Amino acid sequence: MNLNSLKYFVDVVKLGSFTAAGKKNLVAQTSISQQIHQLEEHFDCLLIDRSRNPVVPTKEGQVLFDESEKVLKQFQLLEKAVQKSSSKKVKIQYSSIMDVQLLSEILDTVTKKNDFNIEIEKVSLSEISKCLNQKKYDFAVTFDSEFYEEPDIETIVLYQGKYLAGVGTQHPLYNSKFLTMKQVYSSPLIMLSPEKIGKSYQLMLNRSLDKQYRPQISYLADDVESELLLIQQKKLLGFFPEHYPLNLNNNLINLIPIVDNPHKYKIVLAYKEKNLDRTGSLFLNAIKELKRYRKNL
């Protein structure tokens, strides 16, 4: 005997039909009949009077019906209690140190009011959009460029700023207070590889070409640490988001503002609303509420 058997039995009594009970539970009428028969064997008595139309419970069947309803209602209450007490898991992906720093600040605020079980994982920027589309994660916190031409992915802006020029001590522009775009593109450049930064690479090139500048990209780096080292050793110029949270080798790298700079960025919370479960929707609403609160300050 199991809970499904009791549920089928209750539905047969309420609906007065084995066929109707099968349709309600999306199972064959023969399955309903087999389950009721197993109950009758278990209790060693006839539970349903099949000679009547609609069928009705026997005296013993009426007792089982009354008690079964109590058991099923109690089980529903048990399920709700367990679901309510269980942790709400939210899976979030990020791609850079800037993302995780911003994410940490947001989660510190959101989780104070909500019992979310947050699971975060670092993913290559070029993989983030794919992972979101494949439902591997509920949310992504990263640069908005990765969601270019992704109409099904919605975003909430968490932070925005400009890119700065990263210049080493050996570079003739190291002590500059600011640089022009002409100065930037007259220098050999280093960028993170397209495999590392995804769509950001091509979008940055497009913005440059729109301004009639053709960048001299001399090196591609696979990580920020390599980029920093090559900037210093090879007298290169690189791009970094302003307020980049990294020790730039004890001032060996100077971050310089760029006049007439078309290179801007946004860090966003990205998601596909149709893929979110109830917990994901609750988390999204908490983020939106936080955004409204900060906007009103």
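Atoms considered below: every heavy atom in the structure, side chains included; atoms not considered: hydrogens, waters and symmetry mates. This is a predicted model, so every value here is computed, not measured.
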Practice item. Start with the C-alpha gap between Leu132 and Gln93, add the side-chain angles, then the distance that decides, and say whether side chain to side chain contact (heavy atoms under 4.5 Å, CB included) holds. Key: CA-CA 9 Å; Leu132 207 57; Gln93 56 182 332; 3.8 Å; yes
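- Comment: Glu69 engages Lys14 in a salt bridge, judged by a side-chain N to carboxylate O separation of less than 4.0 angstrom.
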Practice item. Kindly indicate, with the supporting measurements, whether the criterion salt bridge (Lys or Arg N to Asp or Glu O under 4.0 Å) is fulfilled by Lys196 and Glu225. Key: CA-CA 13 Å; Lys196 179 68 177 180; Glu225 291 75 18; over 6 Å; no
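- A donor-acceptor distance shorter than 3.5 angstrom exists from the side chain of Thr58 to the backbone of Leu46, with no hydrogens or angles considered.
- No side-chain donor-acceptor contact under 3.5 Å links His42 and Gln38.
- Following chains of ILVMFWY side-chain contacts shorter than 4.5 Å, one can reach Phe139 starting from Ile120, so the two form part of one hydrophobic cluster.
- The shortest distance between side-chain heavy atoms of Lys177 and Pro257 does not fall below 4.5 Å.
- The shortest non-hydrogen separation linking Ile231 to Gly168 is CG2-N, 3.6 Å.
- Side-chain polar atoms of Asp11 and Asn25 form a donor-acceptor pair below 3.5 angstrom.
- Residues Val90 and Asn117 form no side-chain contact, since every pair of their non-hydrogen atoms from C-beta on lies 4.5 Å or further apart.
- The aromatic rings of Tyr163 and Phe239 lie perpendicular to each other, with more than 60° between the two planes, well past the 30° mark.
- Residues Ile153 and Asn133 meet the side-chain proximity criterion, which asks for heavy atoms closer than 4.5 Å.
- Side-chain atoms of Gln35 and Ser5 include a donor-acceptor pair closer than 3.5 Å.
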Point to revise | Worked verdict on Arg292 versus Glu289 for salt bridge (Lys or Arg N to Asp or Glu O under 4.0 Å) | key: CA-CA 5 Å; Arg292 286 193 295 268; Glu289 182 180 343; 5.4 Å; no
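- In plain terms, the two heavy atoms of Thr180 and Gln183 that are nearest each other are N-OE1, 2.9 Å.
- In terms of heavy-atom proximity, Leu6 sits nearest to Leu39 at CD2-CD2, 4.2 Å.
- For Lys235, the NZ atom is loosely surrounded, since the number of other residues' heavy atoms within 6.0 Å does not exceed 12.
- One N or O on the side chain of Lys291 and one on the backbone of Val157 form a donor-acceptor pair closer than 3.5 Å.
- Remark: the Ser33 side chain and the Gln29 side chain contain an N/O donor-acceptor pair separated by less than 3.5 Å.
- Taking the six-membered ring where tryptophan is involved, the planes of Tyr265 and Tyr159 are tilted, since the angle between them lies from 30° to 60°.
- Annotation: side chain of Phe283 is in contact with side chain of Val110 (closest heavy-atom distance under 4.5 Å).
- With rounding to the nearest 0.5 angstrom, the CD atom of Glu40 is 10.0 Å from the CD atom of Glu60.
- There is no path of hydrophobic side-chain contacts, each under 4.5 Å, that joins Ile36 to Val56.
- In summary, Lys136 and Glu119 do not engage in a salt bridge, as defined by a charged side-chain N under 4.0 Å from a carboxylate O.
- Counting only heavy atoms from C-beta outward, the side chains of Asn275 and Asp138 never approach each other to under 4.5 Å.
- In this structure, Gln62 contributes its side chain and Pro57 its backbone to no donor-acceptor pair below 3.5 Å.
- Checked by atom type and distance alone, the side chain of Ser226 never pairs as donor or acceptor with a backbone atom of Asp222 at under 3.5 Å.
- Linking Ile, Leu, Val, Met, Phe, Trp and Tyr residues whenever their side-chain heavy atoms come within less than 4.5 Å places Ile97 and Met191 in a single cluster.
- By the 6.0 Å contact criterion, CG on Asp260 is enclosed, its count of non-hydrogen atoms from other residues, nucleotides or ligands being greater than 12.
- Checking Glu227 against Tyr219 by side-chain atom types alone, no donor-acceptor pair falls below 3.5 Å.
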Practice item. Would you check, one step at a time, whether the test side chain to side chain contact (heavy atoms under 4.5 Å, CB included) holds for Ile267 with Asp99? Key: CA-CA 7 Å; Ile267 296 180; Asp99 305 334; 3.9 Å; yes
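- In this structure, NZ in Lys272 is found 10.0 Å from CD in Gln134, a value given to the nearest 0.5 Å.
- Neither Phe178 nor Leu189 shares a network with the other; the hydrophobic side chains, linked directly or stepwise wherever heavy atoms of I, L, V, M, F, W or Y lie under 4.5 Å apart, form separate groups for each.
- Heavy-atom minimum distance, Ile256 versus Leu173: CD1-O, 3.4 Å.
- For Glu67 and Lys70, the salt-bridge test passes: some basic side-chain N is under 4.0 Å from an acidic carboxylate O.
- Salt-bridge annotation for Lys199 and Glu150: present, with a side-chain N of the basic residue lying under 4.0 Å from a carboxylate O of the acidic one.
- Both Val141 and Leu282 belong to a common hydrophobic cluster when Ile, Leu, Val, Met, Phe, Trp and Tyr are linked at side-chain heavy-atom distances under 4.5 angstrom.
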Exercise for review: Would you sort out whether Ser187 and His171 count as a side chain to side chain contact (heavy atoms under 4.5 Å, CB included), showing the intermediate values?
Suggested key: CA-CA 10 Å; Ser187 301; His171 198 287; 3.9 Å; yes
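- Summarising the geometry, atom CD1 belonging to Ile253 is positioned 7.0 Å from atom OG1 belonging to Thr169; distances are rounded to the nearest 0.5 Å.
- At distances below 3.5 Å, not a single donor-acceptor pair connects side-chain atoms of Ser104 with backbone N or O atoms of Val100.
- Remark: Leu209 CG to Gln212 CD distance equals 8.5 Å, nearest 0.5 Å.
- Residues Pro262 and Met181 are in side-chain contact: their nearest non-hydrogen atoms beyond the backbone lie under 4.5 Å apart.
- With values rounded to the nearest 0.5 angstrom, Ser95 atom OG is found 12.5 Å from Glu121 atom CD.
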Exercise for review: Please assess Leu72 against Leu3 for the test side chain to side chain contact (heavy atoms under 4.5 Å, CB included), listing each intermediate value before the final yes or no.
Suggested key: CA-CA 7 Å; Leu72 293 172; Leu3 285 173; 4.2 Å; yes
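- Across all non-hydrogen atoms, the minimal contact from Asn254 to Ser176 is ND2-O, 4.2 Å.
- In plain terms, the two heavy atoms of Cys131 and Val123 that are nearest each other are SG-CG1, 4.1 Å.
- Two residues are said to be in side-chain contact when any heavy atoms from C-beta on lie closer than 4.5 Å; Thr155 and Leu269 fail this criterion.
- Taking the ring centre of Tyr94 as origin, the terminal cationic atom of Lys122 falls outside the region bounded by 6.0 Å and 45° from the ring axis.
- Residues Lys264 and Gln160 are not in side-chain contact: their nearest non-hydrogen atoms beyond the backbone lie 4.5 Å or more apart.
- Tyr185 and Ser208 form a side-chain donor-acceptor contact under 3.5 Å, judged by distance and modelled atom types alone.
- Rounding to the nearest 0.5 Å gives a distance of 11.0 Å between CD of Gln216 and CG of Leu236.
- None of Thr142, Val268, Ile106 except one satisfies the side-chain contact (heavy atoms from CB on, under 4.5 Å) rule with Leu158; the exception is Ile106.
- Ser281 places a side-chain N or O within 3.5 Å of a backbone atom of Asp277 that can act as its donor or acceptor partner.
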